[in-house]
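These numbers come from the heavy atoms of this one structure, side chains and all, not from hydrogens, waters or symmetry mates.
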Amino acid sequence: MARIAGVNLPTNKRVPIALTYIHGIGQAAAASICDSVGIEQSRRLNELSDAEVLAIREHIDANLTVEGDLRREVQMNIKRLMDLGCYRGLRHRRNLPVRGQRTHTNARTRKGPAKPIAGKKK
């Protein structure tokens, strides 16, 4: 089992698909990693040699922000918005949708389950 960026990758999957198990690497980034390292995208992870896995690991470490560092960076950006007191920060602070969605009827994922209001029934 290959371990890259602190994540155990599934060995029986193709290399670009397995790389998407790392937080911060999507399909496009995984394909570009394979191209830059020189690995065919049709190969499986268990077919790779240790040198090829090491090349992938070094490329990711040198060029991408992934896993814990990326999560920390995103949380710091959200905290900065909240400290500034801008509109997006206030929405984060109140646990409401941030990107302009309506909240009159929807947004149950963000707001939580509906709370019944006494005396509302007609």
Do I33 and L54 sit in the same hydrophobic cluster, where Ile, Leu, Val, Met, Phe, Trp and Tyr count as joined when their side-chain heavy atoms come under 4.5 Å apart?
->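 Different clusters: I33 never reaches L54 through Ile, Leu, Val, Met, Phe, Trp or Tyr contacts under 4.5 Å.
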Sub-4.5 Å side-chain heavy-atom contact between [X] and [Y]:
{"X": "L81", "Y": "L90", "value": "no"}
{"X": "V66", "Y": "I25", "value": "yes"}
{"X": "V37", "Y": "E52", "value": "no"}
{"X": "Q41", "Y": "V15", "value": "no"}
{"X": "V7", "Y": "E67", "value": "yes"}
{"X": "H23", "Y": "L70", "value": "yes"}
{"X": "K111", "Y": "L96", "value": "yes"}

What do you reckon, is [atom1] of [X] surrounded by more than 12 foreign heavy atoms closer than 6.0 Å?
{"X": "Q101", "atom1": "CD", "answer": "yes"}
{"X": "K79", "atom1": "NZ", "answer": "no"}
{"X": "Q27", "atom1": "CD", "answer": "no"}
{"X": "R93", "atom1": "CZ", "answer": "yes"}
{"X": "R110", "atom1": "CZ", "answer": "yes"}

Kindly say whether R3 contributes a backbone atom to a donor-acceptor pair with the side chain of R57 at under 3.5 angstrom?
->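 Looks like yes, one N/O pair under 3.5 Å.
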Is a side-chain donor or acceptor of R91 paired with a backbone partner of P97 at a separation under 3.5 angstrom?
->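 Yes, because the side chain of R91 sits within donor-acceptor range (under 3.5 Å) of the backbone of P97.
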Pairwise distance [atom1]([X]) to [atom2]([Y]) - rounded to 0.5 angstrom:
{"X": "E40", "Y": "L48", "atom1": "CD", "atom2": "CG", "answer": "10.5 Å"}
{"X": "M82", "Y": "Q75", "atom1": "CE", "atom2": "CD", "answer": "9.0 Å"}
{"X": "L9", "Y": "I4", "atom1": "CG", "atom2": "CD1", "answer": "5.0 Å"}
{"X": "M76", "Y": "D83", "atom1": "CE", "atom2": "CG", "answer": "8.5 Å"}
{"X": "R14", "Y": "R43", "atom1": "CZ", "atom2": "CZ", "answer": "13.0 Å"}
{"X": "H59", "Y": "L64", "atom1": "NE2", "atom2": "CG", "answer": "6.5 Å"}

If every non-hydrogen atom of [X] is compared with every non-hydrogen atom of [Y], which pair is closest and at what distance?
{"X": "I17", "Y": "T20", "answer": "O-OG1, 2.5 Å"}
{"X": "A2", "Y": "T11", "answer": "N-CG2, 4.2 Å"}
{"X": "P10", "Y": "L45", "answer": "O-CD2, 3.4 Å"}

